[in-house]
Colleague: 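Before I ask anything, here is the structure I am working with.
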Amino acid sequence: MSRYVVPDLPTVDRKVDEDIKTIVDALRTALKSNLRAVLLCGGFGRGEGSVISVDGEMRPYNDYDLVLVTKRYVPKARLQELAERLARQIGIRFVDLGVIRESMLGRLPRSVFVCDLQESRQVYGDEDVLARTTKVSPDGIGIEEARIQLRNRVICFLELTPDEWFLGQPMKDDDRRRMVLQISKAMTASVISDLIRVNRYVTSYQAQLETFLATGQHPMIRDLMETAYGVKLGLKDSLEVDVNAFWLSARELFLERYGRLVESESDAKVQPKSISATVKDIVKRLMYGEKTVSERAKRRVRKVTWLTLRAFDESNHIDKEIGVECSRLLSQWFEITVAPDDWNGMRRACSELWQRYHH
């Protein structure tokens, strides 16, 4: 039985063990006594990590999500440099490093992140920090968390989807696998959003699918979600998936949920930051040179991404009205010039903006 993934894949376990040791050693060297503990979160932390075939061998895919528990604040620039260097060193797309100060463990917000954190795996540290974190129950997670799940995944239909697919050209197997996995992430976000709305959220991917299907779903939605979770858990080969039908069906379902739950409140007034949060931003900027991204900028990125996703139809045509609006906003908000009928150009622009403002 594998420790990090659902299929029995000893080679993946060995690779993850080696990678985590490399990461922990580097963090201990870089942060020294400031580092109190390291938690492996996400799928790999609870034994449900994603895998992908590389040259005929199954390997961990996408990223490692780690949360560092520290005594003092760690500048974002330092974390980013560490994360990028480690990702290159171990040969994986992302190493995602988050930080929680030790003094804040018992004062964390009631969120999906904190709920999932309780199911993570401690890979370094003498004390059991998980026992000291805020306890979150499914009925304690608010509807805003459902919106966050959808907002964070709207880019999945544009990012890692190669030009060849949009141009109707043959794709490489690796590109197809990555594309299907990204779409699957959007589908799991849709399920999570639905479960939060009915106070039935669970952390485990397997339990999420089981709970979702138990609520009674249309056969087409059942098939779509079973495919997405099968791919995410490494139980279904992404090359067996009809990528065209999968992308289009997943997009239709995601747009319906996003439009109902997120876009309906997108024009609401952005609440100003509290005085304490503003002071913290100023201190970080003065002491560490960190720039904060405004919520307005993030909303604008999500808006043009949402419009770009809506503009594409099943006939590979651009909705003229939506294309014009998206082109206008890209120019007005970000000084990016894209023709109203250049959907691939809009897609690339959204991916670049997402890297700048969200990732």
Colleague: Report the residues that fulfil side chain to side chain donor-acceptor pair (under 3.5 Å) with T337, sequence neighbours left out, ordered by chain and then residue number.
Modeller: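 Side chain to side chain donor-acceptor pair (under 3.5 Å) list for T337, sorted by chain: empty.
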
Colleague: Can you list every ring-ring contact (aromatic ring centres under 6.0 Å, His included) pair that touches residues 28-49, not counting sequence neighbours?
Modeller: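 Qualifying pairs, neighbours excluded: F44-Y64.
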
Colleague: Can you tell me how far CZ of R300 sits from CZ of F334, rounded to the nearest 0.5 angstrom?
Modeller: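 Rounded to the nearest 0.5 Å, the CZ-CZ separation comes to 7.0 Å.
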
Colleague: Going from OG on S120 to CZ on F113, what distance comes out if it is rounded to the nearest 0.5 angstrom?
Modeller: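 Atom-to-atom, S120:OG and F113:CZ are 8.0 Å apart.
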
Colleague: Kindly write out the residues that satisfy side chain to side chain contact (heavy atoms under 4.5 Å, CB included) with S190, not counting sequence neighbours, or none if the list is empty.
Modeller: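 With neighbours one apart ignored, the set is L150, M187, M225, L253, F254, R257.
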
Colleague: Test of understanding: with side chain to side chain contact (heavy atoms under 4.5 Å, CB included), list the residues that count as partners of N244, not counting sequence neighbours.
Modeller: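 W165, D242.
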
Colleague: With no hydrogens and no angle check, just 3.5 Å: does a side-chain donor-acceptor pair link S204 and E48?
Modeller: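 Side chains of S204 and E48: pair found under 3.5 Å.
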
Colleague: Could you tell me which residues satisfy side chain to side chain donor-acceptor pair (under 3.5 Å) with R110, sequence neighbours excluded, listed by chain and number?
Modeller: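 In terms of side chain to side chain donor-acceptor pair (under 3.5 Å), with neighbours along the sequence ignored, R110 is linked to no residue.
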
Colleague: Supply the atom-to-atom distance K298 NZ to W354 CH2, rounded to the nearest 0.5 angstrom.
Modeller: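 Output value for this atom pair is 10.0 Å.
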
Colleague: Is the charged tip of R302 near the ring of Y258: under 6.0 Å from the six-membered ring centre and within 45° of its axis?
Modeller: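 Not flagged: R302 not positioned over aromatic ring of Y258.
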
Colleague: Check side chain to side chain donor-acceptor pair (under 3.5 Å) between R348 and all other residues, then give those that pass, not counting sequence neighbours.
Modeller: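 Scan of R348 (side chain to side chain donor-acceptor pair (under 3.5 Å), adjacent residues dropped) gives D163.
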
Colleague: Salt bridge between K236 and E226, side-chain N to carboxylate O under 4.0 Å?
Modeller: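 No, K236 and E226 are not salt-bridged.
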
Colleague: Which residue pairs pass the side chain to side chain donor-acceptor pair (under 3.5 Å) test when at least one of the two sits in residues 4-14, sequence neighbours left out?
Modeller: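 Qualifying pairs, neighbours excluded: Y4-D17.
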
Colleague: Any chance you could measure R101, atom CZ, to Y73, atom OH, to the nearest 0.5 Å?
Modeller: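 These two atoms lie 9.5 Å from each other.
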
Colleague: Taking ring pair (Phe, Tyr, Trp, His ring centres under 6.0 Å) as the test, write out the residues that go with W343, two or more places apart.
Modeller: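 Testing W343 for ring pair (Phe, Tyr, Trp, His ring centres under 6.0 Å), a comparison that skips the adjacent residues, returns F166, F312.
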
Colleague: Would you mind checking if R178 and E159 are paired as a salt bridge, meaning a charged N to carboxylate O distance below 4.0 Å?
Modeller: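 Result for this pair is no, no salt bridge flagged.
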
Colleague: Salt bridge or not between D173 and R176? Use side-chain N to carboxylate O under 4.0 Å.
Modeller: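 Result for this pair is no, no salt bridge flagged.
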
Colleague: Who passes side chain to side chain donor-acceptor pair (under 3.5 Å) against E84, sequence neighbours left out?
Modeller: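 With neighbours one apart ignored, the set is Q80.
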
Colleague: Which value, rounded to the nearest 0.5 Å, describes the distance between S50 atom OG and L181 atom CG?
Modeller: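 Nearest 0.5 Å value for the OG-CG distance: 5.5 Å.
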
Colleague: Enumerate donor-acceptor pairs with a distance under 3.5 Å from any side-chain N or O in residues 22-30 to protein atoms, sequence neighbours excluded.
Modeller:
residue, atom, partner, partner atom, Å
T22, OG1, E18, O, 3.0
D25, OD2, K21, NZ, 2.8
T29, OG1, D25, O, 3.0

Colleague: Listed by chain and number, what are the side chain to side chain contact (heavy atoms under 4.5 Å, CB included) partners of T211, not counting sequence neighbours?
Modeller: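 Partners of T211 by the side chain to side chain contact (heavy atoms under 4.5 Å, CB included) criterion, ordered by chain and then number, come out as L195, R200, V202.
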
Colleague: Quick test of your reading of the model: are E325 and R328 salt-bridged, counting only N-O distances below 4.0 Å?
Modeller: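 Answer for the salt bridge query: yes.
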
Colleague: Taking atom types as modelled, is there a side-chain donor on Q217 or T215 under 3.5 Å from an acceptor on the other?
Modeller: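 Short answer, yes.
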
Colleague: Looking at V231, L224, T227, which hits side-chain contact (heavy atoms from CB on, under 4.5 Å) with S184?
Modeller: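 Filter result, single survivor: V231.
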
Colleague: Do any N or O atoms from the side chain of R36 and from the backbone of V69 form a donor-acceptor pair under 3.5 angstrom?
Modeller: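 No.
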
Colleague: Indicate yes or no: does R356 engage E352 in a salt bridge with an N to O separation below 4.0 Å.
Modeller: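 No, R356 and E352 are not salt-bridged.
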
Colleague: Checking T308 side chain against R347 main chain: does a donor-acceptor pair fall under 3.5 Å?
Modeller: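 Side chain of T308 to backbone of R347: no pair is present.
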
Colleague: Using side chain to side chain contact (heavy atoms under 4.5 Å, CB included) as the criterion, list what pairs up with E335, not counting sequence neighbours.
Modeller: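 Once residues adjacent in sequence are excluded, E335 has no partner under the side chain to side chain contact (heavy atoms under 4.5 Å, CB included) criterion.
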
